Amino acid sequence: MRVIASYSMKGGVGKTATSVNLAYWAAKSGSKTLLIDLDPQGASSYYFRVRPSTKKWAKRFFKAYENLVTHIKASDFENLDVIPAHLSFRNFDSLLAGFKKRKNRLRRVLKGFDKEYDLVILDCPPSISHLSESIFIASDVLLVPVIPTTLSERTFEQLMIFFKENDYPQNKIVPFFSMVQNQKSLHKETMRAMSARYKIFLKTTIPYSSDIEKMGIHKAPVDVFAKSKQANHAYRQLWEEVSKIE
Amino acid sequence: MPDFGGSFGKVIVKAKLQKLIGLRAILPVATLRLLETDFSLRDSDQKIVVKGHLTQSMGGDQPTCYCTLRALRGYSKFHTRAAQILEPLIKAKIKDFGLKCLLEAQDLEVFKSKQGNSVLLLTVAMQAEPAVRSIALAMLDQAERHVRGVIADTDTEFLHQFRVNVRKLRSLISLLKKALPTTLIDTLKPKLSLIAGKTNKLRDLDVLILAHESYRTMLPANFESGLNKLYGLIEKQRKQEKNKVARYLSSKDYKATIASCAAEFSLNSVFETAMASKSIARVVKKLILKRYHKMLAMCQGISCQSPDQNIHALRIEFKKLRYLIEFFVDLLPKKRIVKIVGEIKKIQTILGDYNDYGVQIGILNGYVDDALVDMSNSLSGLIAILHQKKIEKRSKVESAIADFFTENMTNEFNLVFGIRKTKGLG
Ligand SMILES: Nc1ncnc2c1ncn2[C@@H]1O[C@H](COP(=O)(O)OP(=O)(O)OP(=O)(O)O)[C@@H](O)[C@H]1O
Ligand SMILES: [Mg+2]
């Protein structure tokens, strides 16, 4: 079982759009996939029309895998299940602060899914916190959407430094360009510079596209309502590239 | 041209089935017209909460509708509710719904004949003559079941199985001749050997046709035209021979022969011989043990210089031994027999392969014709290669014999088939 986190400390960069479409293509290509929505806003749950349970259960989340299992919901798509977020997930950080060995918590509870799933995708909230650190440890791949702007470049650099200073393996970090507008010279220039500097960016880029925005209207992955559009091909290609990462 | 492997529309299906069915052809037994529809039930968020499948079977006077509901994880309440709503509309609940159940609903012959098949029940206490008679009848029936396929030339296995069953029947009455009245043996033996003989040539031709591909790969490309000529000839002969066999098997003559055999076996036992009234289990065990010891003696004489006839004779003995065990397997201790038969099968395969080379060489030799130079060249090439392969197999034969006839095996035979002496007097 692989764990892929869609992560960035910046908000609104396309983490959720990535989680949703990647989970969709992974499942469609035959991987038994579980999407866990860790963001209390519950955006990826919303895109799959999955409602959270009425009970607050954040407290039990990190206790045992068995607690998570009861919250699994089948999506409309074969091979794809979802654990929806609950508003109480906003307390994850203070909860984790109270645990010993908190960094390993997430990894430990996810281990339980090993038998049933080939892939777990984590849709992460934008922050750098206790939760983020347990995500860094729990995941095999940290997929980071980067909008090619100066500010994003700085944020990405901060992440790399954070990993180095805290001895997290930098090779887990797999960035790709998101919301790319090729007609903007700033985007093109930033992409060129960052690709040259880091050499770890994926080949696939996700264009800025109104079809992706429309996911909110359709409450579905792009493939369902914009099959032949460029944005859809981009996500499919993204999955193909990510699935080949060793 | 017979169908050497079955025809089926779709290539992939064909390839997959072929692996399972080997040489057998695919025969249609039923036609089903199905209308399949997936559907889903959604909640107020338009989220799918139950998935379902509708199958309409168009066979018969009116379509039958089958509905399958699938619960989705986290939404089982909706599934329960949907099932409740459907409840008053359904006639019956079906467990393990699938193609099999759809076929069963069609009242097909295939499913009926299996139940109608009278099961042969042998018991240890049964007397030898009636037991042999009932097995013989069953075997005759088995042979007869393949006749239609031989005449229709559905696949080569029909003839093969027909011959196997006739051979088994002949072995049975010869192995247990002392349990049957001599008149029966005297009348039936020539009849059955006649039937078997009528199909020899066709089987030889089938063997050649089945070997075509492997022969082609054995020879270099420049022998191909000679080989093609040979196969042109073989196929022509097979066509003629097949018609001949089909005519024979459809003839009054053949039908009368089979009917008279069946009538003869169906007669009440007369217990003319001493063996006839003995317990079949005792009789068979004794025969098996005797045969084993005879074979043990035979194999002592086999060395690397022994002529093929000796090996051939041993191969035949193994066949008889195996038949004896298998005819009466219900009367023998299962676990130990499975092991023994496993060992017998192993050595039979090796002896059989060795013998096959000889047989093929013999048949091919018959085609050598000085007037047809390139065909005869190809034949000589094949014969040389088969001869070489045969020589290579020879050492395997000897080691198989050594592996089979061990002290352990002899002990095992003595133990399983030895008749325990009654205690007391000794
Ligand atoms: N490639 C894109 N082109 C155009 N719009 C996009 C694209 N990707 C995402 N969006 C839109 O941008 C907004 C933010 O995207 P998304 O929710 O995926 O980002 P996020 O990183 O998960 O945000 P947050 O940090 O709030 O969780 C959404 O309205 C989404 O529809
Ligand atoms: Mg998000």
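Chain identifiers are assigned alphabetically (A, B, ...) following the order of the sequence lines, protein sequences preceding nucleic acid strands; residue numbering begins at 1 within each chain. Because the structure is predicted, anything quoted here is derived from the model rather than measured.
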Open item on the list: If you apply the rule ring-ring contact (aromatic ring centres under 6.0 Å, His included), what do you find for B/H53 with B/F39, and how did you get there?
Closed with: CA-CA 6 Å; B/H53 189 82; B/F39 66 87; 8.2 Å; no
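Only the backbone of A/F77 comes within contact range of chain B, with at least one heavy atom under 4.5 Å from a heavy atom of that chain. Residue contact with chain B, scored on non-hydrogen atoms closer than 4.5 Å, involves the side chain of A/D81 exclusively.
Counting heavy-atom pairs closer than 4.5 Å to chain B, the top-ranked of the candidates A/I72, A/V50, A/V82, A/T70 is A/I72.
Cation-pi geometry between A/R105 and A/F99 is met: under 6.0 angstrom from the ring centre, within 45 degrees of the axis.
Counting only heavy atoms from C-beta outward, the side chains of A/T33 and A/L22 never approach each other to under 4.5 Å. Looking only at side-chain heavy atoms (C-beta outward), A/Q181 and A/P207 stay at 4.5 Å or farther from each other.
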